[in-house]
Every structure is written in structure tokens, then in C-alpha cells.
Amino acid sequence: MLHKQQQNQQAGLVRPGRGFRRGWVGAVAAVVTGALTMGMGPMGPHGDGLSPDITAIMHKPAYKHAQWGLLEIDNRTGRIIHSQHPDQFFIPGSTAKLVSVSGAWNALGGDHRFTTPVQAVGRRNGSVLNGNLVLVGKGDLTMGGRTAPDGSVSYTTIDHTYANDVPGATLTPENPLAGLNRIARQVRRSGITEVRGNLAVDTRLFTSYAELDPTPTPLIINDNVIDLLSTPTAPGRPAQLSWRPQVAPYRVTSTVRTVAAGGATDIQVSASPDGTRIKLSGTIAADAKPVLHISNVQDPAAFGRTALIEALARAGVRVTARPTGPNPADLIPRSYAASRYLMYSPGCVLNSRRKRVLSRTLVDNVVHPGYGSSFQRLQLIVEPLARSRQERASVWYRTYVSRTLMSAQRLVV
């Protein structure tokens, strides 16, 4: 695994403890774990049967002061294929993707499609549901918000989730609320025009850990961030602001002003404690490209609930409950045996997400470079999904990941 964290640290593009979570993942017939760190002595030998294409990258000037660690093990036989500095501690950075993505890949299969069901809890009287709708979070990583017309998952060279850390982040063209809009249309097509009750989001798939940044949650809309795009106008004039997804009660204001070409582009973002009031301030040069920032969604379940209620209204379905406010988790039934399965949003295929490793994904960040890693964190999302699919996959997953982590533990500290 070839890691670019050092280059970004040297350029001042990476915050300490977070890392630039970017990389690639190949077919996982074997377990490969590698990382680099700075100032750890001379570069070790790179013979060891490695491909010249790999050693050419390792000898680039950008890695002059780097030390490489590599451990490749045949998962079937346990035979060590390649090994360099296997007993040296490293900051794992994006190489942790090899553990997390391969674990999900093998437990669920590359053709696994994330789906997000909606349950009707109550009694139906014609077009009226006397009861509640429940959106059941199933760990969909995009909720249709990046699905291109051909069904692939869209991404950009520098993902929007890095906008506060790395210059040049851009947005994909898709609507981040597309999945919820699709669900709302399905509800309307089922014949329901009014919900005399409430709408809740079921987040019981797994427990989130606030210390992880970003925090993985069972329901994610737009990577749980608000996109804030500032575009310069004429010098002395306010910059143009656009933001998405626009969901109540979120409000965004900007006092960013355009300055002369060549002037300073310096924009700050602040938010209220609950994240719903966001303010941008500063300056942007007249000749600058649009500048993207993000602000975190503090309560993804409440955000998703309101976003779906608003999507239902656009589709012609009225929910009598107040659209904003906390997620009414107390309305979620213990089981859905007595409820009606209305519809679901077909989400991304795991194979597509494997190819798009630039984004902040659940399975990617369960093993997070800024906070170390553990079997329990990797277990967070993959095992509940595997268990819901088949117990055999879950048993295999535990065996595979335990073996993988034992191989990687010297690199993950």
C-alpha cells in the first residue's frame, strides 16, 4: 500500500491526528499492510521481490526521508510473501482501509447492495395512515446522494468531506437528497397521502462513537455535513453563497466579501452548538475559484427525519407531526412483525464503494487512523450486516478480521 500522508503533511494540508484518508484497495487474496512515517532513520532495502513499479514509487524524491513498512501474508496458508520492517511501529493512516474494506468485502460480498426500508406502524384507512412511519437505517453509505445516471457512485479528485482541510475540494453534481426523494415518491405511490402520526428514524443497527471523526452512523445523508460554497463576485461586493442540502431548521448566513484580484482568500466557518445556525465570514479574491467548506450535522437522525418529512411533502404526502425537533426514538417498535413493509431505497453496491475510496465511508472510518483501531470498532457495522445476511458470513468475518488484525497490530497503535 503506497501512502501519500507524508506529502500532505509537508504541504500543511493535513491536521494532526486526522490524516488524509485517501488510497486504493486491490483484490484481497492476501493481506497487505503498509505505512510510512517521517524522521525514523534511513530507508530500508526494497529488494525483497517487489515489483519495479512499486519500488520506483518508493524511491521518489517526495519520500526521501520516509521509511516503508510492508507485510504481505497469504490469508489461506499464513505464508509471509513480503516483509519489510515488520517490527517497526508506524502511523497506519489510510492503510487501515485494507483491513476495514477487505473485512466488509469478504463478509458481505462485492454485490451486496445497501437498502434502507420504511415501515408503516399503525392502521391504514384508505389513503390515511393512522400511525407512524419508521425509516430504518441500514448503513447505506450514500443514500442515493452520489448515484450517477448510469448507477455508478460519483466522486471528485478531492472529496467534499476534505473541504476544511485540503484546498480544491469540489462537489459531485448529484442531489444529496435523491435517496430520500425516491423513498417519498414510493410512499405516495403506495397510496398514502397523509400520515396522522409521526416519523422516526431507527438507528439501532449499531451504536455510534462520538470520538470517531467523522462519526459513523446507521443513517448518513450527504456524509453528515452541510456543503457551503462561496463564489466571488465584484470587488467590494458580498460573495455568492450556495449551500446544500437545505433542510430545516438549518440556516446559513455569510458576510464573506469579494476583494480585488490577487487579494487574500480567507474564509472562516462557525456554527451554533447544535449545528443548525452556520455563519461564514472573511474574504475571497475576485479571481479565485469557488471555495468549498463544510459544517457537521450534529444529529444525523433528527436531520434525516426532517429531510424525509420535507421530501414527503414535496411528493404530496402530509405528516401531521412537527417536522423539526428530536428524533422520537420512543415510537420505534421492538420488532416490525406487525408493521407493513412499504418500500425501500436501493443504495450503493459495495463494489462501487470499494472503488471510491476518497470518501468518508462507514467501513473506512470504523478503523480510524486518528484514534487507533480495534476489533470492536471494525465490528461496528460489518458484523450486524453479516448477521442479518447469514450467520456463516459472520463467523467467517470474525475469523478473517481477527487474523488480519493480528497481522496488522504492530502497525496499528
Side-chain angles (χ1 to χ4, degrees), residues 115-122 127-138 140-147 160 171-203 217-229 241-253 271-272 274-278 294-332 342-347:
T115 59
T116 304
V118 173
Q119 300 282 350
V121 182
S127 63
V128 176
L129 172 66
N130 293 295
N132 308 307
L133 291 179
V134 180
L135 178 68
V136 185
K138 290 293 186 179
D140 191 341
L141 309 174
T142 65
M143 276 299 292
R146 291 177 180 263
T147 304
H160 75 142
L171 296 171
T172 57
E174 288 76 25
N175 180 1
L177 299 177
L180 294 180
N181 288 337
R182 182 171 183 173
I183 287 177
R185 291 193 296 268
Q186 289 178 323
V187 173
R188 180 63 184 86
R189 284 198 296 269
S190 73
I192 295 177
T193 60
E194 184 177 3
V195 178
R196 292 178 183 172
N198 212 325
L199 190 150
V201 176
D202 187 340
T203 61
T217 54
L219 179 68
I220 290 181
I221 306 298
N222 197 45
D223 296 297
N224 288 343
V225 300
I226 303 294
D227 298 315
L228 313 163
L229 190 65
L241 169 68
S242 60
W243 61 283
R244 72 177 200 182
Q246 296 193 16
V247 175
Y250 282 73
R251 295 180 184 175
V252 182
T253 59
S272 59
D274 65 356
T276 63
R277 298 294 182 267
I278 305 168
I294 58 174
S295 185
N296 292 330
V297 171
Q298 302 294 339
D299 190 340
F303 183 85
R305 171 185 176 271
T306 298
L308 181 53
I309 290 176
E310 293 179 345
L312 287 167
R314 292 191 293 269
V317 180
R318 177 176 176 264
V319 179
T320 59
R322 183 183 177 208
T324 58
N327 178 45
D330 59 314
L331 298 180
I332 299 172
L342 284 183
M343 68 296 295
Y344 67 90
S345 173

Could you give all pairs that pass the salt bridge (charged side-chain N to carboxylate O under 4.0 Å, His left out) test and reach residues 194-203, with sequence neighbours left out?
Glu194-Arg196, Glu194-Arg318, Asp202-Arg204

Closest contact, heavy atoms only, [X] versus [Y]:
X: Pro328; Y: Ala200; value: O-CB, 3.7 Å
X: Pro176; Y: Pro245; value: CG-CB, 4.0 Å
X: Ala302; Y: Gly325; value: CB-O, 3.5 Å
X: Gly131; Y: Val195; value: O-CG1, 3.5 Å
X: Lys138; Y: Pro117; value: CG-CD, 3.6 Å
X: Ala120; Y: Leu129; value: CB-CD2, 4.0 Å

[X]: which residues meet the side-chain hydrogen bond (donor to acceptor under 3.5 Å, both in side chains) condition with it, sequence neighbours left out?
X: Arg314; answer: Asn181
X: Thr320; answer: none
X: Asp274; answer: Ser272, Thr276
X: Arg244; answer: Asp227

Measuring from [X]:[atom1] to [Y]:[atom2], what's the distance to the nearest 0.5 Å?
X: Ser295; Y: Ile226; atom1: OG; atom2: CD1; result: 7.0 Å
X: Asp140; Y: Ile220; atom1: CG; atom2: CD1; result: 9.0 Å
X: Ile332; Y: Asn132; atom1: CD1; atom2: CG; result: 10.0 Å
X: Leu219; Y: Leu135; atom1: CG; atom2: CG; result: 5.5 Å

Exceeds 12 heavy-atom contacts within 6.0 angstrom, atom CZ of Arg251
no

Please tell me if the side chains of [X] and [Y] come closer than 4.5 Å, counting only heavy atoms from C-beta onward.
X: Thr324; Y: Arg322; value: yes
X: Ile192; Y: Val128; value: no
X: Ile294; Y: Leu228; value: no
X: Leu133; Y: Val121; value: no

Scan Thr193, Leu308, Val187 and name whichever one has a side chain to side chain contact (heavy atoms under 4.5 Å, CB included) with Val317.
Val187

Pair listing, ring pair (Phe, Tyr, Trp, His ring centres under 6.0 Å) test, anchored in residues 301-329, at least two apart:
Tyr250-Phe303

Write out all pairs satisfying ring pair (Phe, Tyr, Trp, His ring centres under 6.0 Å) with one or both partners inside residues 311-330, taking only residues at least two apart or from two chains.
none

Any pair counted as side-chain hydrogen bond (donor to acceptor under 3.5 Å, both in side chains), so long as it reaches residues 303-313, sequence neighbours left out:
Asn198-Arg305

For Val118 and Val134: C-alpha separation, side-chain torsions, deciding distance, then whether side-chain contact (heavy atoms from CB on, under 4.5 Å) applies.
CA-CA 6 Å; Val118 173; Val134 180; over 6 Å; no

Side-chain donor or acceptor of Asp223 paired with backbone N/O of Val225 under 3.5 Å
no

Say whether, by atom type as modelled, one donor and one acceptor occur between the side chain of Asn222 and the main chain of Asn224 under 3.5 angstrom.
no

Would you please name every residue forming a side chain to side chain contact (heavy atoms under 4.5 Å, CB included) with Ala313, sequence neighbours left out?
none

